[in-house]
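Each remark here refers to the structure printed beneath this line.
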Amino acid sequence: MGGEISSLTPEAFVQWTEHDRGYYLQGEGAVFALYKTVRAIEDVAAAERRALTTEERALVQGIRRRTFVMFEEQLQREGDPGADPTIAAP
């Protein structure tokens, strides 16, 4: 009742999810190294007071698709019934 409800495309869902995971979660391993890479790309652009270039944006989006799959596959291995790496499938 009330409240705003909206839907996202699978790609938008993947990007938002990985943005939040990269921002809020901490840990070790390949996924977290990739989160740090995205953060570094974004930090450089912010320090230079500019938007991401087309190439940087494409790189960040590609990394986020990859980390989504990696994270969801790990959740599946741990038995999470809601994990679905196929959401990021092209």
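Because only heavy atoms are used, hydrogens play no part in the values below, and waters and symmetry mates are left out as well, while side chains stay in.
Under the 4.5 Å side-chain heavy-atom criterion for Ile, Leu, Val, Met, Phe, Trp and Tyr, Leu52 and Val44 are members of distinct hydrophobic clusters. Ile63 and Phe68 end up in different hydrophobic clusters when Ile, Leu, Val, Met, Phe, Trp and Tyr side chains are linked at under 4.5 Å. At a threshold of 4.5 Å between side-chain heavy atoms, the hydrophobic network of Ile, Leu, Val, Met, Phe, Trp and Tyr places Ile41 and Val31 in one connected group. No chain of hydrophobic side-chain contacts below 4.5 Å, direct or via other Ile, Leu, Val, Met, Phe, Trp or Tyr residues, connects Val69 to Leu34. In terms of hydrophobic clustering, with Ile, Leu, Val, Met, Phe, Trp and Tyr side chains grouped at heavy-atom distances under 4.5 Å, Leu59 and Val14 are assigned to different clusters.
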Arg65 and Gln15: CA distance, side-chain angles, deciding distance, side-chain contact (heavy atoms from CB on, under 4.5 Å) verdict
CA-CA 7 Å; Arg65 275 191 295 279; Gln15 295 300 317; 4.0 Å; yes

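Every side chain to side chain contact (heavy atoms under 4.5 Å, CB included) that Ala83 has, sequence neighbours left out, goes to Glu72, Leu75, Gln76, Asp80. With sequence neighbours excluded, no residue satisfies salt bridge (Lys or Arg N to Asp or Glu O under 4.0 Å) with Glu73. Taking the salt bridge (Lys or Arg N to Asp or Glu O under 4.0 Å) definition, one finds that Glu28 meets it with nothing, sequence neighbours left out.
With rounding to the nearest 0.5 Å, the separation of CZ in Arg57 from CD in Glu42 is 11.5 Å. Note that CG of Leu8 and CD1 of Ile87 are 11.0 Å apart. Values are rounded to the nearest 0.5 Å.
Judged purely by distance below 3.5 Å, without hydrogens or angles, the side chains of Gln74 and Arg77 pair a donor atom with an acceptor atom.
A salt bridge links Glu18 and Arg21; the closest N-O separation between the charged side-chain nitrogens and carboxylate oxygens is under 4.0 Å.
Across all non-hydrogen atoms, the minimal contact from Glu56 to Thr53 is OE1-N, 2.8 Å.
Checking side-chain atoms of Arg39 against main-chain N and O of Tyr23 turns up no donor-acceptor pair under 3.5 Å. Using modelled atom types, no side-chain atom of Thr86 and backbone atom of Ala89 make a donor-acceptor pair closer than 3.5 Å.
Taking the six-membered ring where the residue is Trp, Phe71 and Tyr35 present tilted rings, their angle falling between 30° and 60°.
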